[in-house]
Structures are given as C-alpha cells and as structure tokens.
Amino acid sequence: MIDLKQLREDPQTARASQEARGADPSLVDRVLAADEHRRATLTSFETMRAEHKALSRSIGKAPAEERAQVLARAKQMAEEVKNAEAAAERAAAELDDLVAGFGNLVHPDVPAGGEDDYRVLSTHGTPRDFEDEGFTPRDHKELGDILGAIDTERGAKVSGARFYFLTGVGARLELAILNAAMDKALAAGFTPMITPTLVGPKVMAGTGFLGEHAAEVYHLPTDDLYLVGTSEVPLAGYHADEIIDLSQGPKRYAGWSACYRREAGSHGKDTRGIIRVHQFHKVEMFAYARQEDAEAEHARLLGWEQEMLDLIDVPYRVIDVAAGDLGASAARKFDCEAWLPSQQRWLELTSTSNCTTFQARRLGVRERGADGTRPVATLNGTLGTTRWIVAILENHQQADGSVTVPEGLRPYLGGLDAFRPVA
RNA sequence: GGAGACGUCGCAUAGUGGCCUAGUGCGCGGCCCUGCUAAGGCCGUGAGGGUGCAAGCCCUCCGUGGGUUCAAAUCCCACCGUCUCCGCCA
C-alpha cells in the first residue's frame, strides 16, 4: 500500500514511478480525487455522529415533558447518521479499490522499461568452454536421468506436468543446498524459521500477491487458504499488526519452506526438467528494517546471496531489474542469474527485493518513532532453492556424465566429491 | 467432530443498556522527597483516522463480522481463537 500523505504532497514522483513501470500515471490523480472525496464524506459523517451522541446522552437527563420530543429528534438523526456513514464507507471502498491497483514507488535508480531493460551490475566467474574441453554439455534433465537424480516422468504420472521427484543424489543435493543456505543465514545472524505454507487471505493480500499476480497463487476455497509461493509471505505476516523494536538493528529471519506456484502464464516456457515447477523448496531471507536502513540492508542481502553463489561456484551476473518487471511490492530488485551452458543463457537463481514500507503499511508492521509510530521497511532475498540443482549439474558436469561436487557443498554431502552415472 | 469455560489498554483485572468520555493495580516514563542497595508522593502513559499554523477538538477500536436500540464492552446471531474434557486419527 502506498503512502497517501506522500502522494498528496508529491504527486509528481508517483506519476514518474507509474510511467517507469509502464503503468497509468493518471491513476495518481484519480486516487487524489477519491482521497479528497473520502475525507470530505468522513468529516461530514463524524460531525453528525458527534451531534447525535451528544443528543442521545441528554435523553436520560431530559425533563420528562421534553423527553418524547428529544427522542423523536434523536430517532430521526440516527437515520441521517446511518446514511452519512454509508456514504463515507462507500467513498473509502472506492479509494481502496484505486489504491489496490497502485504498485510501490520505484527507486529512482531503477532502469525504466520492461523485462529486457534490466541493467547488468556485475559478472562473476567465466562460463566454461565445452568445445575446447571436447564435448557438448548435457542439460540438467539428461544429467538428472544419468545420475538417477531427477525423475520428471514419474512426477508427471503422480501429479501432472511441472512436478518431479528428486531421487538419490538429487534429493541429497537439494538438502545440501538448503542446509548450506541455513548455515549461511545462521552465521549472518538470521533467526531460522520453518513457516506455515498455507496462509489466510489477509496476509496473502498484505504481501501484494493477490493483485496482478493472483492467478499465480494456489487457493483452497473450502478453507479460504492460500498456498504460499515463498516463505516471504508468512514471514511478512509474522509481525503483522505489531509494533516492533528495531533499535538493535534489523530483525532478520531465514525461512525454510516448500513453495507453490501455478505458473498460469507460462505455458510452454521452461517445460523441460525442473527449471519452472509447481512445487520446490527454498531458504528465504526476510528482514524488517528502518526506512532509512532499507537500502543498506538490501545491499547486505545481495552480498549474502553472492556468498552462497560463490559456494556453489557457478558463473553468474547481477542485474538491476527494470521497473516494469518489478512486483507490485518492490521498489527495487536485484536478481542473480547463473550461466546455463545447455541453453547459452542466464537463469535466475536469486532475487532480492526492497519493498520499502509498501508491505508493512498494509500489514500494520510499525516501530515507535519520535512522535507516534511509523511503518518499517521489509526486504527479502533468496538464499537457496531447488532450481540451483540445474545450475550446479550443468556447470560442473564432466564428459562422462558425472558431476563434480563444488567444494563448498561437500561438507553437506558427507564429503562426496562427485555424482557418478548410475548403471 | 461433540460438550463446557473464556477472549476488555504491554500484563493482570473491574465493568450485565445512559453516571464508561472504559476504572484500578502492575509495568513503563518524568518530576519531587529521602545523604547510601529501603520506602513514599505527584503527574503522565494504547492504536488508527479526520480537522487545525498550533494548542486543541472530533470520530473509531473492549476477539471478528452482522443485528436490536435514540443509545451497546454490556442484549441477540454467526464466525474466529485459546483452554479443559470426550470422540476420531496418528
């Protein structure tokens, strides 16, 4: 939820943000008009209510001969107050509808434009030259078959397209990635968390996932619960409606969870293997920080992501995602993309967003300030997911179909130095 | 799933239609008293919103949502949550 006071004071920034996202800048003016209407109807209603309350209180004390008359007047007024209240509620609902369509104000340094307008911030490591090594790299699906690590056929048999079994070393590799991520988080001072993966509508809406991308989310209508696409959702809801203490620095949580995504808009995209699936596991960093600390915290989250990527030793680059490709809640987002030899392209492995006060405002997460409370900033970032298996297998494969285990992961695999083809 | 009890300000509790504009205690903060780790006094102390240059004034919130009434923490209905017991499952 955007800050209406800020919008009133500085509509131009909001218009510019809308334009950068490729959204409608005139929404700003419609919101301002609706806001003014809401405040006018509210003031009128509250004034009437105050008069009515005073009149009601006087009934008990009124002299007997006047009582009937005062009562009649109060009855009539009750009706008027009811109408005024309904008008105020309608105005508030109209405003809410407009505000719901408003994404967070984008950070001024974010490149404008859509998916292809990202800015590359840095590149790390060098993709291997397989031609020079004398063989054509296999893709992760084929390696998964050879190693007995990934079974997409049986995943489809049991649950449908985009489901899979991780088997043998595949399962072990996922656990290794997630455990390494948890250790990294622990070392960085995060509180490890295992979260609910079913959440109620309030938290789902509060984190901004029921807006444009509602079709991405699994919903269980019988119980009105949503399956989360990331533990960002329960972790953002964790402190909902609370006043938290950030005087000792940001509150940092590392959530381990299954993640569920409908992938409704991606038919035919990444259908092979486990790049884009309905269910996977993830360790997610989540931080509550002071507004003025948010940008520095964002850089720290990115730093920890990079440390994890160094651990698995794959070539990657960092991009500053363009405004039009940001989620509604994000003011800025950095993705780390690993090189995918089989497709000669970059694949997103981590994503860290600075949501400034957008989520916290709607979820009611505040801290005490000099005078009263104020919303905090929330940030999130990936520390490890099932998808990393793809990058690890492809980048560390050998000509014979075996895969060298990156040094950093060996302690999590009982010292195993390579995955070897199964008979 | 069934039965019962409960849900009030950070915590504890009072409040069963108008004197609740929610009292009290604890905690917390400030000031005062007291020459020392004791004890006491006074004042203040929730959230959200509207309005105003400001001081202030006003509205809302007693688990949530409806309803009755001129008037609801209080009466009615539904739901949610917590606890206890029973059943079922592991």
Side-chain angles (χ1 to χ4, degrees), chain A residues 1-9 31-100 102 195-196 198-206 210 219-226 234 236-248 251 288 290-291 357-378:
Chain A
M1 187 164 63
I2 47 159
D3 182 354
L4 285 175
K5 276 187 183 135
Q6 190 189 341
L7 195 75
R8 259 180 251 153
E9 284 161 18
V31 166
L32 287 175
D35 177 49
E36 199 174 324
H37 182 237
R38 172 192 143 259
R39 283 181 290 132
T41 52
L42 183 63
T43 303
S44 149
F45 154 60
E46 287 184 349
T47 307
M48 285 171 74
R49 163 94 89 182
E51 284 171 25
H52 181 237
K53 276 175 68 173
L55 190 64
S56 272
R57 267 197 292 270
S58 75
I59 289 176
K61 296 165 193 130
E65 66 271 22
E66 285 173 23
R67 193 162 296 164
Q69 196 187 342
V70 177
L71 194 66
R73 173 81 190 105
K75 268 187 188 176
Q76 182 198 339
M77 221 171 155
E79 190 63 29
E80 290 165 14
V81 169
K82 207 173 174 183
N83 291 336
E85 182 174 24
E89 276 171 6
R90 240 178 293 122
E94 280 164 22
L95 176 63
D96 286 348
D97 282 349
L98 287 176
V99 167
F102 222 111
T195 73
L198 290 169
V199 302
K202 189 175 174 258
V203 168
M204 200 44 120
L210 291 186
H219 181 224
L220 275 51
T222 311
D223 302 288
D224 198 16
L225 289 169
Y226 295 86
Y238 189 67
H239 284 303
D241 296 320
E242 292 181 20
I243 297 167
I244 60 174
D245 178 12
L246 297 178
S247 61
Q248 305 302 308
K251 280 188 179 295
Y288 295 88
R290 289 196 164 145
Q291 299 175 17
T357 58
F358 190 86
Q359 287 180 332
R361 202 175 292 280
R362 184 150 35 180
L363 289 167
V365 189
R366 297 97 76 208
E367 64 168 333
R368 288 196 196 284
D371 36 27
T373 66
R374 58 179 200 149
V376 304
T378 59

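Bear in mind that the values here come from a model prediction, so they are computed numbers and not experimental data. In the text below, chain A, chain B and the rest are named by the order of the sequence lines, each starting its count at 1.
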Can you tell me if the side-chain N/O atoms of [X] get under 4.0 Å from OP1 or OP2 in [N]?
X	N	result
A:Lys75	B:U69	no
A:Lys53	B:U60	yes
A:Arg49	B:U60	yes

Taking protein heavy atoms under 4.0 Å as touching, what does nucleotides 46-51 of chain B look like 5' to 3' if B marks base contact, S marks sugar-phosphate-only contact and - marks none? -SSBSS
Check the distance between [N]'s [atom2] and [X]'s [atom1] and give it to me in whole angstrom.
X	N	atom1	atom2	value
A:Met77	B:U69	CE	P	18 Å
A:Leu55	B:U21	CG	P	15 Å
A:Glu80	B:C70	CD	P	14 Å
A:Gln69	B:C70	CD	P	17 Å
A:Asp224	B:C80	CG	P	12 Å
A:Met48	B:C70	CE	P	16 Å
A:Arg57	B:C19	CZ	C1'	12 Å

Residue matched to B:U51 through Watson-Crick or wobble contacts both under 3.5 angstrom: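 For B:U51, the partner nucleotide comes out as B:G56, under the 3.5 Å rule.
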For B:C26, which nucleotide is its Watson-Crick or G-U wobble mate, given both distances must be under 3.5 Å?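 B:G10 is the nucleotide pairing with B:C26.
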Which of these, A:Met77, A:Glu80, A:Glu46, sits in a side chain to side chain contact (heavy atoms under 4.5 Å, CB included) with A:Glu51?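 Going through the options one by one, the only one that passes is A:Met77.
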Tell me the closest heavy-atom pair linking [X] and [Y], and the distance in Å.
X	Y	answer
A:Lys251	A:Asp245	CE-O, 3.9 Å
A:His52	A:Ala74	NE2-O, 3.3 Å
A:Arg8	A:Asp35	NE-OD2, 2.7 Å

Quote, to the nearest angstrom, the [atom1] distance that separates [N] from [M].
N	M	atom1	value
B:G63	B:C83	C1'	15 Å
B:U34	B:C42	C1'	15 Å
B:C61	B:C20	C1'	14 Å

Lys/Arg-Asp/Glu bridge criterion (N-O < 4.0 Å) met for A:Glu94, A:Arg38: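 Salt bridge absent between A:Glu94 and A:Arg38.
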Can you classify the ring geometry of A:His219 versus A:Tyr226 as parallel (below 30°), tilted (30 to 60°) or perpendicular (above 60°)?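 Plane angle under 30°, so parallel.
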